[in-house]
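Since the structure is predicted, the reported quantities are computational estimates derived from the model, not experimental observations. Proteins get letters first, then strands, A, B, ... in listed order; numbering begins at 1 in each.
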Amino acid sequence: MLFSHWKASFFVSSNYRIFATKKKHNSHTTMNLELTIQNEVAKAIKELFGTEVELKSIQIQKTKKEFEGDVTVVTFPFTKVSRKSPEQTGEAIGTFLISQNPIITKFNVIKGFLNLSISAEYWTKLLIEINQQPQFGIMTPDEQAKVMMIEYSSPNTNKPLHLGHIRNNLLGYSIAEIQKANGWNVIKTNIVNDRGIHICKSMLAWKLFGNGETPQSTGMKGDHLVGKYYVVFDKAYKAEIKELMDKGLTEEDAKKKAPLILAAQNMLLAWENNDPEVYQLWQTMNGWVYEGFEVTYKKLGVDFDKIYYESQTYLEGKNKVEEGLAKGVFYQREDRSVWADLTPDGLDEKLLLRGDGTSVYMTQDIGTAKLRYDDYQISKMVYVVGNEQNYHFQVLALLLDKLGFSWGKDLVHFSYGMVELPEGKMKSREGTVVDADDLMQEMIDSAKETSLELGKLDNCTEQEIEEIARMIGLGALKYFILKVDPRKNMTFNPKESIDFNGNTGPFIQYTHARIKSVLRKANEMGVDYSSITFENIQLAEKESNLIQLVSEFPNVVKQAGDEFSPALIANYMYELVKEYNQFYHDFSILKEENEDCKKFRLVLSKTVGNTIQNGMKLLGIDVPERM
RNA sequence: GGUCCUGUAGUUCAAUGGAUAGAACAAGUGUUUCCUAAACACUAGAUCCGGGUUCGAUUCCCGGCGGGACUACCA
């Protein structure tokens with residue numbers, strides 16, 4: 001029972017769907033073309049065939065490129081009531097529609113598809129409406145907006161961030177922007193995993209082999225320095241294991257009895273007992289890491305409204321577990337360890353407190369969850385965490401529910417796939433990890449090189465060049481990652497650098513820059529296209545298609561929010577930009593002789609540029625004025 | 001073994017149950033006296049296998065086969 005509930009809330013909860021549909025995007029009069037057509041078709045069916053049909057059953061889709069028309073009605077479902085062939089049904093409905101509503105100007109029928117052409121007046125009016133809304137498709141949360149807390153990033157403080165973290169951070173930041181645009185009051189949060197055995201490993205190695213090194217003394221970024229000692233620990237630990245195995249121990253025993261791991265465990269115990277020396281070292285080394293992380297986050301362009309530290313939440317978790325034990329929800333074994341028996345729910349038994357009283361990951365997450373709900377009026381809690389932890393969140397939802405938190409079962413685990421290298425998974429021990437700082441810098445350097453080669457930035461100051469290279473390099477990286485369906489594993493090949501051509505961030509940025517350039521020139525020429533009505537404008541198909549595409553933006557934003565998928569925004573951006581580039585290539589804007597037509601194309605360009613900017617913002621990607 | 005995710009051109013990615021399965025990269029070719037050629041256009045190339053539901057299946061269901069994750073007193 002509970003399990004099936006969890007399944008429903010696993011990716012997108014059913015509650016959320018209901019809530020989300022109550023919200024409305026920027027209202028507009030001309031805009032709901034789909035609904036208008038559905039109503040007309042329903043009327044037609046009633047008149048022609050004498051049957052009421054549900055609006056939902058009337059499928060409206062965009063007409064495919066190779067056919068004439070703007071929107072298409074699928075007529076197969078109506079053949080039962082019409083008692084005619086799909087073609088005849090389409091003909092009948094088409095004829096009726098044309099006589100009824102002036103915005104439908106033409107139709108053609110191919111197989112079971114009724115293609116309708118929409119009038120130029122409709123499209124131009126629609127464009128004017130959109131042009132008047134700089135934030136078209138983007139909602140602004142008001143005071144009554146419900147709170148959605150989104151946890152992302154969640155680093156450990158024992159090593160620097162890598163490509164996997166980049167995917168997490170970009171997805172988390174982007175989904176936060178998207179949910180804001182859907183009217184949620186979003187709180188971005190980060191849970192820093194600043195305690196535990198792994199931190200002790202770095203600390204111990206530094207203490208034993210560090211010779212007092214600091215970021216200052218070595219010139220290393222703090223997180224990288226600490227990460228170095230994590231690796232040092234691992235090497236020394238491995239050596240000890242090998243030594244013990246040579247003496248005849250099994251691998252399992254050797255791993256448990258190596259002096260280094262025992263020392264690290266002692267250190268963790270000392271930390272939990274507030275040992276001053278250990279605590280001091282912990283604070284110092286974590287401080288180094290935070291300084292390093294701050295630099296990385298800033299460069300990546302992500303931020304947080306509220307940061308939690310597990311060192312401050314794990315005790316709360318222990319309390320809740322002990323409470324659960326007292327209530328009989330959990331049980332204790334002979335060695336004093338505390339467990340939850342989840343076998344009735346189809347899962348295994350789960351450890352919540354070790355025999356020595358120290359807490360585990362799950363304990364901490366319970367405590368963190370409780371603090372958050374004490375701090376905020378949260379309606380929806382979202383965890384942006386890799387799919388390797390699907391089981392963890394399945395268990396967490398169950399445990400929170402058992403502990404009496406009503407919201408536990410409704411949590412959303414925004415689960416995403418791994419970033420893999422062509423050889424397979426990244427492994428820090430084998431040195432195949434792609435470091436976040438290095439990768440960003442490489443992208444920026446490479447963008448700068450390309451820009452200079454193409455001679456695009458000849459009239460720019462050094463500072464402008466740096467800024468544009470940063471936008472392009474990061475744009476390429478972010479788009480590369482966000483355009484992929486979050487659920488899927490993706491491959492990154494460090495040898496083939498990320499492209500700047502084709503379906504890429506820079507392609508979209510470039511289009512924006514070209515639009516801005518045209519608009520600048522229009523201003524220089526003194527063309528005023530600010531307020532204008534378009535009557536009797538002849539629209540090329542490319543132009544009405546563009547307006548139609550732009551008008552779909554709010555739907556895309558909504559869908560991206562419902563499905564937790566920045567990739568939908570990315571794919572839409574690409575489609576829009578590709579369409580605009582064709583238009584740009586085939587038509588003159590500033591050299592168009594017909595003044596009304598020129599102004600129309602300027603407004604169209606401006607609207608497209610604006611949509612690009614708004615859409616890319618949802619992906620956390622900046623768009624340059626020139627490049 | 002169990003649970004979950006996933007399988008589409010050589011490669012990386014698309015496709016609310018709808019038309020001839022879209023792009024990009026890589027390969028080959030064309031378009032700059034014209035608003036930025038990081039562009040545009042053209043050529044060639046793909047749904048793992050077998051059933052089922054449907055007027056219609058890449059999509060939904062069942063069964064195989066392949067890839068991945070989890071099933072830790074790591075976080």
Sugar-phosphate only, base, or nothing, as touched by A/Thr79 at under 4.0 Å among non-hydrogen atoms: nothing
B/U32, syn or anti by chi within 90 degrees of zero: syn
Test applied, side-chain hydrogen bond (donor to acceptor under 3.5 Å, both in side chains); reference residue, A/Glu592; option that passes from A/Arg601, A/Lys598, A/Lys599: A/Arg601
A/Asp356 bridged to A/Arg354 by N-O distance under 4.0 Å: no
Partner set under side chain to side chain contact (heavy atoms under 4.5 Å, CB included) for A/Lys318, not counting sequence neighbours: A/Glu272, A/Tyr314, A/Leu315, A/Leu353, A/Ser359, A/Thr363
Gap between atoms CZ and P, on A/Phe393 and B/U71 respectively (whole Å): 13 Å
Residues which pass salt bridge (Lys or Arg N to Asp or Glu O under 4.0 Å) with A/Lys456, listed by chain and number, not counting sequence neighbours: none
A/Tyr391 OH - B/C5 P separation (whole Å): 16 Å
Under 4.0 Å protein heavy-atom contact, by nucleotide of nucleotides 29-40 of chain B - B base, S sugar-phosphate only: -----SBBSBSS
Whole-Å C1' distance, B/A44 and B/C48: 24 Å
Pairwise P distance for B/G56 and B/G51, with rounding to whole Å: 16 Å
Protein-nucleotide distance (A/Tyr479, atom OH; B/U12, atom C1'), rounded to Å: 12 Å
From CG (A/Asp223) to CG (A/Asn156), nearest 0.5 Å: 12.5 Å
Separation of the P atoms in B/U71 and B/U12, to the nearest angstrom: 28 Å
A/Glu349: partners by side chain to side chain donor-acceptor pair (under 3.5 Å), with sequence neighbours left out: A/Tyr331, A/Arg333
Sugar-phosphate, base or nothing in reach of A/Asn115, heavy atoms under 4.0 Å: base
Separation of atom CG in A/Asn390 from atom P in B/A69, rounded to whole Å: 13 Å
Whichever of A/Met418 and A/Leu114 has its nearest RNA chain B nucleotide further upstream toward 5': A/Leu114
Listed partners of A/Trp339 passing side chain to side chain donor-acceptor pair (under 3.5 Å), at least two apart: A/Ser337
Residues in side chain to side chain donor-acceptor pair (under 3.5 Å) contact with A/Ser117, at least two apart in sequence or another chain: none
Rounded C1' spacing from B/C13 to B/A9 in Å: 12 Å
Set of side chain to side chain donor-acceptor pair (under 3.5 Å) partners for A/Ser82, sequence neighbours left out: A/Thr89
Rounded distance (Å) that lies between atom P of B/C70 and atom CD of A/Glu349: 21 Å
Whole-Å distance separating the CD atom of A/Glu87 from the C1' atom of B/C55: 11 Å
C1' atoms of B/U36 and B/U43, separation to the nearest Å: 28 Å
Exercise: do A/Asp499 and A/Thr504 side chains pair donor with acceptor under 3.5 Å: no
Pair listing, salt bridge (Lys or Arg N to Asp or Glu O under 4.0 Å) test, anchored in residues 53-79 of chain A, at least two apart: A/Glu54-A/Lys56, A/Lys62-A/Glu552, A/Lys62-A/Glu575, A/Lys65-A/Glu579, A/Glu68-A/Lys106
By side chain to side chain contact (heavy atoms under 4.5 Å, CB included) - contacts of A/Phe500 (at least two apart): A/Met443, A/Ser446, A/Ala447, A/Thr450, A/Ala476, A/Pro506
RNA chain B: 5'-proximal contact among A/Gly355 and A/Asn503 (nearest heavy atom): A/Asn503
Aromatic centroids of A/Phe76 and A/Phe113 separated by under 6.0 Å: yes
Distance-only side-chain donor-acceptor flag, A/Asn158 / A/Ser202, under 3.5 Å: no
Nearest-Å distance once atom C1' is located in both B/G68 and B/G10: 22 Å
Plane angle bin for A/Tyr383 and A/Phe393 - parallel if under 30°, tilted between 30 and 60°, otherwise perpendicular: tilted
Check the interface with nucleotides 20-22 of chain B: list each N/O to N/O pair with the protein under 3.5 Å, or write none.
{"unit_1": "B/U20", "atom_1": "OP1", "unit_2": "A/Lys111", "atom_2": "NZ", "d": "2.7"}

Could I get a table of every N or O pair under 3.5 Å where one atom is in the protein and the other is in nucleotides 14-16 of chain B?
{"unit_1": "B/A14", "atom_1": "OP1", "unit_2": "A/Asp485", "atom_2": "N", "d": "2.5"}
{"unit_1": "B/A14", "atom_1": "OP2", "unit_2": "A/Lys488", "atom_2": "NZ", "d": "3.1"}
{"unit_1": "B/U16", "atom_1": "O4", "unit_2": "A/Gln59", "atom_2": "OE1", "d": "3.4"}

Paired and unpaired positions of RNA chain B as dot-bracket, Watson-Crick or G-U wobble under 3.5 Å, | denoting a partner strand: (((((((..((((....[...)))).(((((.......)))))....(((((..]....))))))))))))....
Nearest-angstrom distance, C1' atom, B/A21 to B/G45: 13 Å
Rounded P spacing from B/C40 to B/A23 in Å: 12 Å
Donor-acceptor pair between A/Tyr361 and A/Gln389 side chains, under 3.5 angstrom: yes
Distance, rounded to the nearest Å, where A/Asp70 contributes CG and B/A19 contributes P: 19 Å
Touch class at under 4.0 angstrom, heavy-atom based, for A/Gln389 against every strand present: base
Euclidean distance, atom CG of residue A/Leu347 to atom C1' of B/C4 [Å, nearest integer]: 11 Å
